[in-house]
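Each ligand, and each atom within it, is numbered from 1 in the order the structure gives. Each residue takes its place number in the sequence, starting with 1.
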Amino acid sequence: MLGGLDPTEQAPALWLANELKAPVVADATSGLREELAHLALTDADALLRENPPAILLRIGDVPVARFWRDLEDIPSTEVFSVTRTGFSGLARPSAVVTGDLEAILHALGDVDPVGDVNGLRAMNKRRKALMEELLITCPDSEQAMVRAFSCFAADGDCIYLGNSMPVRYWNSFAQMAVPTENVRANRGANGIDGQISGFLGVSARCSRSWALVGDLTAMYDSNALALLPQLDTGTRVLGVINNGGGGIFRALPGAASHSEAMRNLLVQPHAYSFKAIAEQWGMRYLVIRTAEDFDQLDALEENSQVLAELIPDREQTEQVRNALAKH
Ligand SMILES: Cc1ncc(C[n+]2csc(CCOP(=O)(O)OP(=O)(O)O)c2C)c(N)n1
């Protein structure tokens, strides 16, 4: 598994993965997600839970994938982490090597290929095919919108992903054809606060920056956009998936059994638009409700500041989620 990597760690991690030829789960923040597409398992949490490997090697930051958390309860999988931070990221025993990745790999010397010993990649093929089919049949779902947005964002020199579903969606559904090395993300315990500020910081020296965040996350830090006039020039596209509240809380297991009052507290449903926010801070506003609406991202003027509000179809989103959950 590859978590977030520093730029200096990307070449050694890529070398190791290509030598080992073992199945790879690469977070977007590794910057290697697309370059390792030939070895990758896509959206493979359930597959890994049912077929846990005997040995798992993690490189970089603590991975986002659900399977990493499941590892707490799978003691039969021996976990080795190589990380500059030294954090094991697990509450159960595991081996951690702390230090500079390139130096550690040098010390390892030659590496023999492992390959797809458990046939995981072969088993993952059907799921990949189903996923691709669903993205075509449900083009206005959140998942398909993330795929479409990622195709445009691939031309940028930085991508920022914010709480909460955008990070997971990106790992599972974003395009795999064009390498995107500079991807930053904040999720989970990092909170929904400060995410637009985070994006603006990441975009500081980029000529073309893209962000994708949830609607509550965007609202929580919308006044950060007041900083725009102080920043270096460059095109910035802030994509907001407006699914009318905290979509993650609609998707959690057991969500259907909550009372309506509890659901409202968790989801914070709303019908606000981001048009006025874009106008207030002098941004160009685009609204995207269908696959065709993405054409508006085709020819962005240089140095434009754009807020693109993505309004997905809830039924199609659930259709994709349910179809994938069954397999
Ligand atoms: C400061 C803070 N308050 C509350 C939370 C709990 N929390 C996690 S995800 C989330 C909802 C995020 O909603 P949204 O930004 O719309 O993204 P979506 O779930 O739709 O992807 C909340 C409130 C948090 N992470 N940080």
Side-chain angles (χ1 to χ4, degrees), residues 4 27-29 43 45 61-62 64-66 68-69 135 138 140-150 153 159-174 183-202 210-225 237-256 258 260-278 287-289 307-322 324-325:
D27 281 358
T29 48
D43 194 28
D45 290 332
D61 296 337
V62 174
V64 166
R66 167 79 228 181
W68 179 262
R69 282 199 272 149
L135 294 186
C138 301
D140 304 333
S141 61
E142 286 180 32
Q143 298 89 339
M145 284 198 169
V146 170
R147 164 67 61 86
F149 190 83
S150 73
I159 296 171
Y160 180 91
L161 307 169
N163 250 0
S164 52
M165 298 300 279
V167 184
R168 276 185 188 260
Y169 277 151
W170 199 277
N171 286 335
S172 300
F173 302 107
V183 184
R184 293 281 168 264
N186 262 318
R187 73 177 296 279
N190 293 305
I192 61 171
D193 47 346
Q195 299 259 358
I196 295 182
S197 314
F199 164 53
L200 297 180
V202 165
W210 296 76
L212 192 59
V213 297
D215 50 278
L216 293 189
T217 299
M219 280 183 207
Y220 213 86
D221 195 30
S222 63
N223 56 358
L225 297 168
V237 182
L238 171 62
V240 179
I241 302 185
N242 189 354
N243 53 17
I248 188 166
F249 297 115
R250 288 197 194 95
L252 285 183
H258 288 140
E260 202 185 327
M262 176 57 96
R263 233 190 334 268
N264 285 347
L265 282 172
L266 288 170
V267 174
Q268 295 294 312
H270 68 85
Y272 297 124
S273 145
F274 283 79
K275 187 165 187 272
I277 291 179
V287 62
I288 295 175
R289 292 173 194 275
L307 193 156
E309 179 171 2
L310 281 54
I311 303 184
D313 182 294
R314 193 168 303 167
E315 267 174 38
Q316 289 192 20
T317 302
E318 301 210 332
Q319 208 176 316
V320 176
R321 184 174 302 134
N322 293 338
L324 288 173

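For the ligand labelled ligand 1, residue Gly162 lies outside the 4.0 Å heavy-atom shell.
Interface atoms of ligand 1 facing Gly191, defined by a heavy-atom separation under 4.0 Å, are 24 (C), 25 (N), 26 (N). Close approach of ligand 1 to Asp215 is summarised as follows: ligand atoms under 4.0 Å from at least one heavy atom of the residue are 14 (P), 15 (O), 16 (O). Taking a cut-off of under 4.0 Å to the non-hydrogen atoms of Pro166, the atoms of ligand 1 that pass are 21 (O). Below 4.0 Å from some heavy atom of Asn163 lie the following atoms of ligand 1, by number and element: 15 (O), 17 (O), 25 (N). Heavy-atom proximity to Gly247, at under 4.0 Å, picks out these atoms of ligand 1: 18 (P), 19 (O), 20 (O). Near Leu216, with a cut-off below 4.0 Å to any heavy atom, the atoms of ligand 1 are 13 (O), 14 (P), 15 (O), 16 (O). Interface atoms of ligand 1 facing Gly245, defined by a heavy-atom separation under 4.0 Å, are 16 (O), 20 (O).
Tyr169 contributes atom OH, which lies 8.0 Å from atom OG of Ser141 (distance to the nearest 0.5 angstrom).
Within the structure, side chain to side chain donor-acceptor pair (under 3.5 Å) pairs that include any residue of residues 237-253 comprise Glu142-Asn243, Asn242-Glu309 (at least two apart or interchain).
By the 3.5 Å distance cut-off applied to N or O atoms, Phe249 is not counted among the residues near ligand 1. Looking at Tyr220 next to ligand 1, no N or O pair under 3.5 Å apart turns up. Between Ala218 and ligand 1, no pair of N/O atoms sits closer than 3.5 Å. The N/O atoms of Met165, backbone and side chain alike, include one that comes under 3.5 Å of an N/O atom in ligand 1. Close N/O approach between Asp193 and ligand 1 is not found [any backbone or side-chain N/O within under 3.5 Å].
Using modelled atom types, one side-chain atom of Asp27 and one backbone atom of Val64 make a donor-acceptor pair closer than 3.5 Å. A donor-acceptor pair under 3.5 Å is absent between the side-chain atoms of Asp221 and the main chain of Asp193, judged by distance alone. Looking at Asp140, its side chain never comes within 3.5 Å of a backbone N or O of Gln316 through a donor-acceptor pair. Remark: side-chain polar atoms of Arg289 are not paired, donor with acceptor, to backbone N or O of Ile311 under 3.5 angstrom.
Residues Thr217 and Asn163 have side chains that never bring a donor and an acceptor to within less than 3.5 angstrom of each other.
By the ring-ring contact (aromatic ring centres under 6.0 Å, His included) test, Phe274 is found to be paired with no residue, residues two or more places apart in sequence or in another chain being considered.
With a 4.0 Å cut-off on non-hydrogen atoms, Asn243 touches ligand 1 through its side chain and not its backbone.
Heavy atoms from other residues, nucleotides or ligands lying under 6.0 Å from CZ of Arg66 number more than 12.
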